[in-house]
Structure formats: structure tokens, C-alpha cells
There are 2 protein chains.
Amino acid sequence: MRADDETAGAGGATRATRTTGVAETAGKDGKYGKDGAAGDAYDPRAFPPFAVTVDLAVFTVRDARLQVLLVRRGESPYRGSWALPGGFVRPDESAGAAARRELAEETGLGADTVRPLHLEQLRTYSDPGRDPRMRVVSVAYAALLPDLPEPRGGGDAAHAQWVPRDTAGPLAFDHDTILADAHDRIGAKLEYTCLATRFCPAEFTLGELQQVYETVWGVQLDRPNFRRKVLATPGFVEAVEGPPRPTGGRGKPAALHRAGPASALHPPLLRPEGRPSP
Amino acid sequence: MRADDETAGAGGATRATRTTGVAETAGKDGKYGKDGAAGDAYDPRAFPPFAVTVDLAVFTVRDARLQVLLVRRGESPYRGSWALPGGFVRPDESAGAAARRELAEETGLGADTVRPLHLEQLRTYSDPGRDPRMRVVSVAYAALLPDLPEPRGGGDAAHAQWVPRDTAGPLAFDHDTILADAHDRIGAKLEYTCLATRFCPAEFTLGELQQVYETVWGVQLDRPNFRRKVLATPGFVEAVEGPPRPTGGRGKPAALHRAGPASALHPPLLRPEGRPSP
DNA sequence: GGAATAGTGTCTCTAAGACAGTATGGT
DNA sequence: ACCATACTGTCTTAGAGACACTATTCC
């Protein structure tokens with residue numbers, strides 16, 4: 001598990017710009033919304049101004065590898081570097097809505113396709129020095145996609161691209177940290193939730209589901225035991241009637257399943273070796 | 001487990017004010033820091049302005065009850081209501097640093113006392129309608145305190161007060177949700193981390209540690225089994241040499257322990273009944 | 001002695017790890 | 001024929017639940 005607070009933010013503090021004296025005053029004793037020293041009249045300028053963005057760590061499993069959606073930056077700083085997709089939160093939407101909107105834009109998928117996808121708020125990155133130009137607070141989200149037929153549509157999203165997670169080189173800003181946190185979180189959630197099915201299409205084989213676990217965790221699992229565990233967990237998967245599906249040419253075709261109604265796994269499906277993060 | 005995205009933020013959208021056309025433009029195609037349509041020159045006003053605050057869910061176990069630190073609001077809206085302590089993030093500090101600063105201010109504890117305390121970022125609340133006056137994005141933190149000798153110091157913090165978690169009535173803003181999320185998260189983290197020792201003083205008995213689990217989870221645990229599990233987990237607790245401590249008058253004095261170097265529990269200490277949240 | 005809490009020991013049962021063996025498809 | 005994958009079954013072991021029992025203190 002990753003250490004998870006950025007409390008020691010003092011390192012970036014000297015570098016940060018104090019934009020206005022007004023802001024400083026508000027932070028010190030105005031304390032908007034918390035105590036009443038300033039009285040009821042509210043001055044919209046009496047708070048420190050921040051930009052709020054969302055950053056997305058979008059994962060899929062393709063070709064037995066964990067892949068992440070990246071964009072190439074077209075402007076400085078970090079011009080030419082890879083970065084996580086993302087953008088501004090608009091004045092009239094929540095961060096979650098912004099994340100879903102950005103996901104649709106960057107993948108080129110339609111709103112209907114994006115709606116049922118799993119979007120999970122990871123954490124918020126707020127170090128004063130994380131963007132050299134100004135104060136930006138970013139709410140990070142992790143998204144899980146099945147390996148969709150339309151890789152990234154044909155719209156504005158032509159610059160977004162799937163990159164294997166382990167070759168995702170140095171990214172812009174603090175996006176390496178965000179990506180690592182996202183990978184950790186997804187791996188941990190596979191243990192005690194039914195999240196893995198979100199990496200799979202509507203109908204999938206147990207081999208494909210096992211592939212998700214093996215790819216995200218980077219381990220090999222025993223097939224009979226995996227099978228037993230999944231089938232013994234009520235509501236994790238449901239058998240689909242009908243003919244089995246051939247598995248990539250070779251071997252016996254496998255029975256199809258779909259995601260069941262359960263969302264949590266009890267007891268959890270712990271990864272081998274005990275340690276939560278590799 | 002609690003549903004965890006606020007994607008359906010459209011409900012508050014109609015109520016929100018569009019402050020500037022500039023902001024809207026920035027959100028639509030400026031996309032600061034993501035793509036290069038606007039060129040390299042950066043206009044500090046070309047982003048939607050947000051206020052960023054931190055909210056703290058500060059827990060302790062006292063008198064065998066889970067208690068949370070609340071403040072009473074002195075101004076509208078929600079004047080007179082209880083609320084979570086919190087305040088603005090300053091221009092030169094991270095949200096984590098702001099949370100630690102606010103924790104020190106609200107509890108009246110010194111910076112040295114506050115430094116080693118566990119502060120965990122929960123999630124960020126960003127619904128456009130969550131504050132009726134303006135757009136405020138709040139990063140929520142959970143903090144765990146041992147039952148300290150100085151309940152809340154003697155400074156500005158006279159208005160902060162410990163309240164039993166189950167009687168924490170309707171709170172201001174969306175603080176009921178934040179508090180519920182915080183309780184959920186703390187409960188879940190007790191299962192697979194050594195966090196429980198953070199509720200205890202430097203030296204504690206196994207009975208006190210068990211009391212933490214029972215209080216946060218709201219269940220009864222079998223003492224021998226709890227003992228066996230804790231002692232069998234390497235690095236969870238260490239025996240302290242010296243005389244045992246009498247336990248509240250009655251009964252045999254208990255041996256003292258201190259927190260060990262481990263941070264994760266493998267395998268986890270699952271709560272009874274299987275369900276993650278009560 | 002009785003009540004209360006600390007601590008030990010033991011039996012049982014669940015579920016995970018390991019792995020042998022069978023079934024059914026492709027080439 | 002051979003290989004690859006799907007699926008079944010069995011043995012073993014780690015660890016949790018349940019609970020009987022002993023130890024030490026205050027009243």
C-alpha cells in the first residue's frame with residue numbers, strides 16, 4: 001500500500017505564488033462557511049482562487065496486458081510528454097460528471113456507452129507545485145473499460161492512445177504518481193469487490209475473468225481454485241444459457257457468464273504472497 | 001460499502017450560477033493543460049474559479065463509544081447547526097497540510113502533538129449545489145485520535161466538541177454524507193491495516209485495542225480469538241516490558257503493548273457477518 | 001467468596017493451496 | 001496423433017469461530 005497523504009506539502013510552498021492579499025486574509029480568519037467572524041454578508045472574492053481539474057486513469061485489459069489511455073501534450077510545460085487525459089471541471093458540474101464527460105470526449109465513445117462504465121474517485125492531488133504555472137487542484141478518477149470494439153472512435157480523441165501500463169514512461173506533472181495510485185487501488189479493489197467483471201464484455205468466460213486478475217496483479221493463479229472461488233461466491237457471476245464460445249482457436253470452448261448482482265466479495269479473493277502492492 | 005461517485009451531478013446544475021463566459025469557454029475548448037488549441041500563452045483568468053476547502057471527520061473512542069469532533073456554525077446558512085470542522089486551503093499549502101493545520105487549530109493541540117496523528121484523505125465532494133452561496137469543492141479527511149488527556153485545549157477551539165457518532169444529528173451542508181463515508185472507510189481500514197492502534201495511546205492493553213474494533217464496527221468480538229489473531233500477526237503489536245496496568249478497578253491487570261512496525265494485516269481481520277457496512 | 005477482566009487451550013469447520021485427472025475442442 | 005484449453009475432484013493445511021477453563025485482581 002502506498003503512503004497516502006501529501007501533508008508534507010511545505011516543499012512546494014516557497015515556490016508557490018501568493019496571488020492576492022485578500023485570499024490570504026480569507027484563509028486566516030475569514031474561514032468561509034466555518035465560523036462567523038466575518039458576518040453573514042458574503043464577498044465572492046474573499047477566497048483563494050483555484051482551478052479544479054479531473055485526471056483520468058483509464059484502464060483496459062488487452063492482449064493479456066494492462067493498458068492505460070494516454071494523451072500526448074501539445075503545449076508546454078511537458079510539451080510532447082505523455083499525460084493522463086483530463087480537463088477542467090465546469091462551473092455547473094460535479095467532478096464526477098466532468099470525469100465522465102472527459103472520458104466520453106477522450107475515448108470518442110458515445111454518452112450511452114460511457115454511462116454504465118465504472119468510474120471511481122481515487123483521491124485529490126493538491127500540491128502547490130504540481131503545476132508550474134498556477135494553482136491547480138486535480139481530482140483523479142480511475143475508469144475500467146472492457147476491450148471495446150471501437151478502440152477510440154473517430155472524433156477529437158485521435159490523440160488518445162492505449163499504452164501498456166508497464167511501458168508508460170515518465171508522464172507529465174505528477175501523473176506517474178496518480179497512475180501508480182490508480183493501479184494500486186484497482187488491484188486492491190479486485191480483492192474484495194466484483195470490479196473485475198467491469199474489465200470484461202457483457203458475456204465472458206471464466207478464463208477471461210481470470211486473465212483480468214492475473215494481468216492487473218501481475219501473478220499467475222491456479223485455474224481450478226479460481227473457478228471454485230468465483231462460482232462459490234453468490235452473485236459474482238451467472239451462467240449464460242446457450243452454446244459455449246471458442247477460445248482463440250485452440251482448446252475446448254468455454255461456457256459464458258455474465259456479471260451477477262453482487263458488488264462485494266465475502267470473503268475476499270486475496271492475491272497470493274500476502275503483500276497488497278508489488 | 002457506499003456508492004461512490006457523484007456523477008449524477010446534473011441535479012444541481014440548473015441551480016448553479018454561470019459566473020463568467022470566460023470560464024465556460026475555458027471548460028469547453030481551452031482545456032488548460034491538456035491540449036494545445038489555446039497556444040502557450042496562459043491567461044490566469046481563463047479558468048472557472050473555485051473555492052477549495054478541507055473538511056475533517058475526526059474520530060476518537062471514548063467511554064466505549066465512537067465520538068466525532070463537531071463545531072457549531074455561527075453564521076448562515078445552517079446557522080446553529082453542527083458541522084464538521086474545516087476551512088480554506090491556503091494558496092501555498094496542499095490540502096493535506098491544510099487539514100493538519102485545521103486539525104491543530106480546532107482541537108487546540110500543539111503542532112508537535114498533531115504531527116504524528118493519522119490523517120487520511122477520504123474523497124472530494126464537488127456537487128455544484130453543496131454550498132448554496134458559491135462553488136466550493138471540499139477535500140475530506142478522516143483523522144484518528146487516541147483519547148487524549150487534554151480534550152480540546154484552551155484556545156480558539158472552544159467551540160469544537162466531541163459528540164457521540166450515533167447521536168451526531170443532521171449536520172450542515174453534505175456533512176452527514178461525509179461523516180458516513182468517513183465511518184465506512186475507517187471501519188473498512190480496520191480490517192486490513194493496523195490503523196486501530198492509532199485510536200490507542202502509546203501503550204495500551206489488548207482489551208483496549210479490542211474495544212476500538214468493537215466500537216467502530218458496533219459488534220462484539222470473541223476475546224481469545226481476537227487475542228490470537230493480533231498476536232499472530234507479525235509487527236501488529238509489541239509487548240512492553242514492565243508491570244501490567246490495572247483495568248478500571250476490577251479484574252486482572254493487563255499486559256501493555258505498543259504499536260508494531262507493520263502497517264498492513266495479512267490476512268485481514270474481517271468483521272463478523274461478512275457485510276462490509278452495517 | 002463473588003464479580004470482573006486477563007489469558008490459555010482445544011475442537012471444529014471453512015476455505016484456500018496444490019495438483020491429479022478427465023473432457024472437448026483445434027491442427 | 002498431439003496440443004491447448006475447459007472443467008472436475010481430492011488431499012492437505014492455515015486460520016477463524018466457538019467455547020471450556022485457569023489466573024489475578026477488587027469488592
Side-chain angles (χ1 to χ4, degrees), chain A residues 63-64 190-192 200 203-215 217 219-234 236-257 264-275, chain B residues 63-64 190-192 200 203-215 217 219-234 236-257 264-275:
Chain A
D63 305 329
L190 289 192
E191 292 194 340
Y192 58 94
C200 298
E203 300 192 338
F204 52 86
T205 69
L206 294 186
E208 288 166 349
L209 187 64
Q210 182 174 348
Q211 182 70 65
V212 169
Y213 278 91
E214 293 181 333
T215 302
W217 287 348
V219 298
Q220 286 276 105
L221 299 177
D222 180 83
R223 196 193 312 262
N225 293 339
F226 178 82
R227 195 182 171 74
R228 177 181 52 188
K229 173 67 179 174
V230 169
L231 295 178
T233 303
F236 191 2
V237 299
E238 293 171 349
V240 170
E241 302 302 320
R245 177 208 296 174
T247 317
R250 314 281 278 200
K252 177 179 174 178
L256 291 176
H257 298 258
L265 247 53
H266 277 275
L269 203 168
L270 297 174
R271 76 190 95 180
E273 292 305 297
R275 285 293 169 277
Chain B
D63 305 329
L190 289 192
E191 292 194 340
Y192 57 95
C200 298
E203 300 191 339
F204 52 87
T205 69
L206 293 186
E208 289 166 350
L209 188 64
Q210 182 175 348
Q211 183 69 66
V212 169
Y213 277 91
E214 293 181 333
T215 303
W217 287 348
V219 299
Q220 287 276 105
L221 299 177
D222 180 81
R223 195 195 308 266
N225 293 338
F226 179 82
R227 197 183 169 72
R228 175 181 52 186
K229 173 68 180 174
V230 169
L231 295 178
T233 303
F236 191 2
V237 299
E238 293 171 349
V240 170
E241 302 301 321
R245 178 208 296 173
T247 316
R250 313 281 278 203
K252 178 179 175 179
L256 290 175
H257 297 259
L265 248 52
H266 277 275
L269 204 167
L270 297 174
R271 76 190 94 181
E273 291 306 297
R275 285 292 169 276

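Proteins get letters first, then strands, A, B, ... in listed order; numbering begins at 1 in each. Worth saying up front: this structure is predicted, and the values here are computed from it rather than measured. Excluded from the calculations below are hydrogen atoms, water molecules and symmetry mates; all remaining heavy atoms, backbone and side chain alike, are included.
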So NE2 of His257(A) and CD of Glu208(A): to nearest 0.5 Å the spacing works out to 10.5 Å
Heavy-atom distance under 4.5 Å between the side chains of Phe236(B) and Leu209(B), does that happen here?
yes
Could you state the atom-to-atom distance from CG of Leu270(A) to P of dG17(C) in whole Å?
8 Å
Could you tell me how far apart Gln210(B) (CD) and dG7(C) (C1') are, to the nearest whole angstrom?
12 Å
Could you work out which one of dT5(C), dG15(D), dT5(D) sits closest to the side chain of Pro267(B)?
dG15(D)
Considering every strand and a 4.0 Å limit on heavy-atom distances, what is the contact class for Ala255(B): base, sugar-phosphate, or nothing?
sugar-phosphate
Locate the shortest heavy-atom distance separating Tyr213(A) from Leu190(A); write the atom from each residue and the value.
OH-O, 3.2 Å
In Å, rounded to the nearest 0.5 Å, how long is the span from CZ of Arg228(B) to OG1 of Thr233(B)?
11.0 Å
Would you mind reading off the distance between Arg227(A) atom CZ and dA20(C) atom P, rounded to a whole angstrom?
19 Å
Categorize Pro224(B) for me: base, sugar-phosphate, or nothing, with a 4.0 angstrom heavy-atom threshold over every strand shown.
base
Nearest to the side chain of Ala254(A), which nucleotide is it out of dA3(C), dC7(D), dT27(C)?
dC7(D)
How many whole angstroms separate atom CG of Asp222(A) from atom C1' of dC7(D)?
12 Å
Is the shortest side-chain heavy-atom distance between Glu191(A) and Trp217(A) below 4.5 Å?
yes
First of Leu269(B) and Gly251(B) reached from the 5' end of DNA chain D, by closest nucleotide:
Leu269(B)
Spacing of Lys229(B) atom NZ relative to dG17(D) atom C1', expressed in whole Å:
13 Å
If you take atom types as modelled and just measure distance, does the side chain of Arg228(A) reach the base of dG17(C) with a donor-acceptor pair under 3.5 Å?
yes
In whole angstrom, what separates Arg250(B)'s CZ from dG2(C)'s P?
14 Å
Is there a donor on the side chain of Asn225(A) or the base of dA18(C) sitting less than 3.5 Å from an acceptor on the other?
yes
How many whole angstroms separate atom NZ of Lys252(B) from atom C1' of dT24(D)?
5 Å
In whole Å, I'd like the distance from the CD atom of Gln220(B) to the P atom of dT5(C).
11 Å
